[in-house]
2 protein chains.
Amino acid sequence: MRKGYTQRVIARLREQGLKVTPQRIAILKHLDGNTSHPSVEDIHRKVCRAFPTISLATVYNTLDTLEQLREVQSISVDPHRKHYDPDTRPHHHAICSHCHSIQDVFADLASAVRVPTAVAEIFRVDETTVHLRGVCLNCSTATA
Amino acid sequence: MRKGYTQRVIARLREQGLKVTPQRIAILKHLDGNTSHPSVEDIHRKVCRAFPTISLATVYNTLDTLEQLREVQSISVDPHRKHYDPDTRPHHHAICSHCHSIQDVFADLASAVRVPTAVAEIFRVDETTVHLRGVCLNCSTATA
DNA sequence: TTCGATGCAAAGCCTTTGCATCCTG
DNA sequence: CAGGATGCAAAGGCTTTGCATCGAA
């Protein structure tokens, strides 16, 4: 994620006539450059340090707003809860079955996923999501 | 799905020392050849016709058991609820944004998704899941 | 007869909603 | 000042769990 996420999103909120509150800024700062794909609760827990009174509902609301602005994407990798990624460029996710970490995988999607012509004829693909499940380097060396 | 799903799974239940109950048979029959990717509630509703007293918990339990036996796979396509697929061969899923239907897409996974060498070195991929989101033929013609 | 399966209800989680209050613009 | 944002609590929806009873083997 390039530097300036927080500032850019603040500008976009203003553009949209939405308000820039201290809570939102705190959430944005936490997301800025964050590649850990936190859940709502993860974000709430962390932001609580700087902002002890922030409510879970505010975190939910803010993430919904950010998702609508496409400044964050939700990834449904974990059946129990949503995770969020401030990097909205198209990329894959690799989920470790052991530690449940989520790593970004940047690869040329167009070449990585070729939709067969037969499928393209009966389904207009707007978006392609790829999840790789397996074992990350940390866990495989720890196990070995 | 080839013919014989119900019979095969019944045999596997017996093999594992698990019991073949009328409820389980009813669920298996409903899943046999089913390509609609039903949710737990969908299954419960349908099976209730033949079996009015079956409880939701039983459907949940049975699906958990079947998933452990790998005779059904859960697909997390819908953030609100799990969907189940009795076809456990590797394949993709195409989700229609309009009608929310889920279609199976059989295509050569190996060629469709090439994992970059750089990724393969830091992550051992066991399973690849591809979701195509877009608009199905029905909905695109209906809209046009 | 045995031990897993069932059914019911309650509890658990994650998420959404309602509403009075707050505060940004 | 006005209207969106916040915080709290309650409600919602999906799933799990506890437990007494049932029934397949």
Side-chain angles (χ1 to χ4, degrees), chain A residues 6-7 9-30 37-45 47-69 71-72 74-84 100, chain B residues 6-7 9-30 37-45 47-69 71-72 74-84 100:
Chain A
T6 305
Q7 291 309 314
V9 181
I10 287 177
R12 287 215 58 209
L13 287 170
R14 291 223 167 86
E15 264 175 42
Q16 304 288 321
L18 298 171
K19 293 181 176 169
V20 179
T21 64
Q23 290 90 333
R24 287 181 170 180
I25 294 174
I27 292 170
L28 289 174
K29 280 187 180 169
H30 179 62
H37 307 85
S39 66
V40 169
E41 202 189 324
D42 291 333
I43 296 169
H44 181 251
R45 196 182 320 115
V47 172
C48 267
R49 295 180 184 174
F51 226 102
T53 65
I54 192 171
S55 80
L56 250 186
T58 295
V59 180
Y60 276 104
N61 290 334
T62 299
L63 287 168
D64 283 350
T65 302
L66 294 177
E67 193 171 7
Q68 283 173 36
L69 294 180
E71 292 295 354
V72 92
S74 69
I75 52 185
S76 38
V77 142
D78 176 347
H80 297 300
R81 75 205 87 241
K82 277 189 186 174
H83 288 258
Y84 289 87
H100 304 104
Chain B
T6 306
Q7 290 310 315
V9 180
I10 286 178
R12 288 215 57 209
L13 287 169
R14 291 224 166 86
E15 264 175 43
Q16 304 289 320
L18 299 170
K19 293 182 177 169
V20 179
T21 64
Q23 289 89 334
R24 287 182 170 179
I25 294 175
I27 292 171
L28 290 175
K29 281 186 178 169
H30 179 62
H37 308 83
S39 66
V40 169
E41 202 189 325
D42 291 333
I43 297 169
H44 181 252
R45 196 182 319 115
V47 172
C48 267
R49 296 180 184 174
F51 227 101
T53 65
I54 192 171
S55 80
L56 251 186
T58 295
V59 180
Y60 275 105
N61 289 335
T62 300
L63 287 169
D64 283 351
T65 302
L66 293 177
E67 193 170 7
Q68 283 173 35
L69 294 179
E71 292 296 353
V72 93
S74 68
I75 52 185
S76 39
V77 142
D78 176 346
H80 297 300
R81 74 206 90 240
K82 277 189 186 174
H83 289 258
Y84 289 87
H100 304 104

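All heavy atoms count here, side chains included; hydrogens, waters and symmetry mates do not. Throughout, protein chains are lettered first and strands after them, A, B, ... in sequence-line order, and every chain is numbered starting at 1. Everything quoted here is computed from the prediction, not taken from an experiment.
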Atom-to-atom span, CZ of A:Phe51 to P of D:dC8 - whole angstrom: 12 Å

Would you kindly give the CG-to-P distance between A:Asn61 and D:dG4, to the nearest whole Å? 14 Å

If we ignore hydrogens and angles and just use 3.5 Å, is the side chain of A:His30 paired with the main-chain N or O of A:His44 as donor and acceptor? no

Rounding to an integer number of Å, can you tell me how far A:Arg24 CZ sits from C:dC22 P? 19 Å

For A:Thr53, which contact category applies under a 4.0 Å heavy-atom criterion: base, sugar-phosphate, or nothing? sugar-phosphate

So, is A:Gln23 close to the C:dC23 phosphate, meaning a side-chain N or O under 4.0 Å from OP1 or OP2? no

Go through the steps to decide whether A:Thr62 and A:Ile43 satisfy the test side chain to side chain contact (heavy atoms under 4.5 Å, CB included), and finish with yes or no. CA-CA 11 Å; A:Thr62 299; A:Ile43 296 169; over 6 Å; no

Given that B:Thr21 and A:Leu18 both sit by DNA chain C, which one's nearest nucleotide is further toward the 5' end? B:Thr21

Do any side-chain atoms of residues 18-27 of chain A form donor-acceptor pairs under 3.5 angstrom with protein atoms, and if so which ones, sequence neighbours left out?
unit_1  : atom_1 : unit_2  : atom_2 : d
A:Thr21 : OG1    : A:Arg24 : N      : 3.2
A:Arg24 : NH1    : A:Lys19 : O      : 2.9

Per the atom types in the model, does the base of C:dC23 pair as donor or acceptor with the side chain of A:Lys19 at under 3.5 Å? no

Reckon A:Tyr60 has a side-chain N or O less than 4.0 Å from the OP1 or OP2 of C:dT15? yes

Picking from D:dT6, D:dA25, D:dT15, which would you name as closest to the side chain of B:Val20? D:dA25

Are OP1 or OP2 of C:dT15 and a side-chain N or O of A:Arg81 less than 4.0 angstrom apart? no

Could you check A:Gly17 against A:Thr58 and say which one's nearest nucleotide on DNA chain D is further toward the 5' end? A:Gly17

Take the protein atom CD1 of B:Ile27 and the nucleotide atom C1' of C:dG7, then report the distance between them rounded to whole Å. 13 Å

Separation of atom NE2 in A:His80 from atom P in C:dT15, rounded to whole Å: 11 Å

Pair listing, side chain to side chain donor-acceptor pair (under 3.5 Å) test, anchored in residues 52-61 of chain B, at least two apart: B:Ser55-B:Thr58

